[in-house]
A.B. asks: 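Pasting a structure here, questions to come.
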Number of protein chains: 2
Amino acid sequence: MQQQIVFKALSDPTRRRILHLLKRQSMSAGDIAEHFDIAKASLSHHFSILKQADLVRTERQGQRIIYSLNLSVFEDVASLMFDLFSGS
Amino acid sequence: MQQQIVFKALSDPTRRRILHLLKRQSMSAGDIAEHFDIAKASLSHHFSILKQADLVRTERQGQRIIYSLNLSVFEDVASLMFDLFSGS
DNA sequence: TAGATATTTAGAGATTAGTCTAAATATCTA
DNA sequence: TAGATATTTAGACTAATCTCTAAATATCTA
């Protein structure tokens, strides 16, 4: 896991809000966009950063692209954080 | 706790290295500086960001200022992270 | 009090990041 | 195949971030 990429991805409030939304349910890019006041192109930029960090996964459904939280990375992120304060 | 300030503070690799150093032992600004190749003034800037986020505490000892990890904030940071993926 | 040491503050320069609009790509449907 | 819908890519602009040097502040010691 690319530590720096993950931390950078989490450092933006819009991206954290996206993750928060996806926690409840997977959503298309457009559905997510309805929750924000910024241009869809700007959100797409955030999506790509979240994907780079492997925090979200995508799946195409027709015209739509469905974003979902990548729960399998949770353990890694948790241990990243834990490592900041304790352990090695 | 100011969530955004904490995430921003953690998003820089130099600052995470500082935290990592302080995990082992508290150190003066100068001692910390010996581990880095950047100007002391630049490090001082990082210190101030870590302090704002309440991730480190300071104590003056004569001319020196001793930095130490603020462990009491660990629980808060952990739950911040946890909250990104599960729970509410 | 002077000079030395430790640290921070101020201001400038370069890079990175987040946003926008316009255009491109991909898919669906009539 | 055309047109509509969904999303991403490209390019530009602005603001924030990280770094530097120079100067300021605080403390210690001779």
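Throughout, protein chains are lettered first and strands after them, A, B, ... in sequence-line order, and every chain is numbered starting at 1.
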A.B. asks: On DNA chain C, does the nearest nucleotide to Ser11(A) precede the nearest nucleotide to Gly30(B) from the 5' side, or the other way round? Give the residue.
C.D. replies: Gly30(B)
A.B. asks: Looking at Lys23(A) and Asp83(B), would you say the former's side chain and the latter's main chain have a donor-acceptor pair under 3.5 Å?
C.D. replies: yes
A.B. asks: In whole angstrom, what separates Lys51(B)'s NZ from dT7(C)'s C1'?
C.D. replies: 11 Å
A.B. asks: If I take atom CD1 in residue Ile66(B) and atom C1' in nucleotide dT8(C), what distance separates them, rounded to the nearest angstrom?
C.D. replies: 15 Å
A.B. asks: dT8(C), dT17(D), dC18(D): which one has an atom nearest the side-chain heavy atoms of Ile49(B)?
C.D. replies: dC18(D)
A.B. asks: To the nearest Å, how far apart are Ile32(A) CD1 and dT7(D) C1'?
C.D. replies: 12 Å
A.B. asks: Scan Tyr67(A) against the nucleic acid and name what it touches under 4.0 Å (heavy atoms): base, sugar-phosphate only, or nothing.
C.D. replies: sugar-phosphate
A.B. asks: Any donor-acceptor pair under 3.5 Å linking the side chain of Asn70(B) with the backbone of Arg57(B)?
C.D. replies: no
A.B. asks: Rounded to the Å, how far apart are Leu43(A) CG and dG18(C) C1'?
C.D. replies: 11 Å
A.B. asks: Within this structure, what is the CD-to-C1' distance between Glu34(A) and dA6(D), rounded to whole angstrom?
C.D. replies: 12 Å
A.B. asks: Output yes when a side-chain donor or acceptor of His35(A) lies under 3.5 Å from a complementary backbone atom of Asp31(A), and no otherwise.
C.D. replies: yes
A.B. asks: Across the strands shown, which category fits Ser28(A) at heavy-atom distances under 4.0 angstrom: base, sugar-phosphate, nothing?
C.D. replies: sugar-phosphate
A.B. asks: Under 3.5 Å, which donor-acceptor pairs link side chains of residues 4-15 of chain B to any protein atom two or more places apart or in another chain?
C.D. replies:
| unit_1 | atom_1 | unit_2 | atom_2 | d |
| --- | --- | --- | --- | --- |
| Gln4(B) | OE1 | Arg16(A) | NH1 | 3.1 |
| Gln4(B) | OE1 | Arg16(A) | NH2 | 2.7 |
| Gln4(B) | NE2 | Ser11(A) | O | 3.1 |
| Ser11(B) | OG | Lys8(B) | O | 2.7 |
| Asp12(B) | OD2 | Thr14(B) | N | 2.9 |
| Asp12(B) | OD2 | Arg15(B) | N | 3.1 |
| Arg15(B) | NE | Ala9(B) | O | 2.8 |
| Arg15(B) | NH1 | His46(B) | ND1 | 3.0 |
| Arg15(B) | NH2 | Lys8(B) | O | 3.1 |

A.B. asks: When rounded to the nearest 0.5 angstrom, what distance separates NZ in Lys51(B) from OG in Ser44(B)?
C.D. replies: 8.5 Å
A.B. asks: Would you say the side chain of Gln3(A) lies within less than 4.5 Å of the side chain of Leu80(A), judging by non-hydrogen atoms?
C.D. replies: yes
A.B. asks: How many whole angstroms separate atom CD of Gln4(A) from atom C1' of dC18(D)?
C.D. replies: 13 Å
A.B. asks: How many whole angstroms separate atom CZ of Arg17(A) from atom P of dG18(C)?
C.D. replies: 15 Å
A.B. asks: Can Phe36(A) and Leu21(A) be said to form a side chain to side chain contact (heavy atoms under 4.5 Å, CB included), step by step?
C.D. replies: CA-CA 11 Å; Phe36(A) 294 87; Leu21(A) 283 173; 3.8 Å; yes
A.B. asks: What is the distance, rounded to the nearest whole Å, between atom CD of Gln52(A) and atom C1' of dT8(D)?
C.D. replies: 14 Å
A.B. asks: Counting Watson-Crick and G-U wobble pairs with both distances under 3.5 Å, what is the dot-bracket string for DNA chain C, 5' to 3', using [ ] for crossing pairs and | for pairs to another strand?
C.D. replies: ||||||||||||||||||||||||||||||
A.B. asks: Ignoring the backbone of Arg15(B), work out which of dT8(C), dC18(D), dT7(D) is nearest its side chain.
C.D. replies: dC18(D)
A.B. asks: Working to the nearest 0.5 angstrom, can you tell me the gap between Ser28(B) OG and Tyr67(B) OH?
C.D. replies: 10.0 Å
A.B. asks: Within the distance-only criterion (no hydrogens, no angle test), does the side chain of Arg64(B) pair as donor or acceptor with the backbone N or O of Ile66(B) below 3.5 angstrom?
C.D. replies: no
A.B. asks: How would you summarise protein contacts on nucleotides 20-30 of chain D per nucleotide, using B for base, S for sugar-phosphate only and - for none, with heavy-atom distances below 4.0 Å?
C.D. replies: BBB---SBS--
A.B. asks: Just checking His45(A): base, sugar-phosphate only, or nothing, at a heavy-atom cut-off of under 4.0 Å?
C.D. replies: base
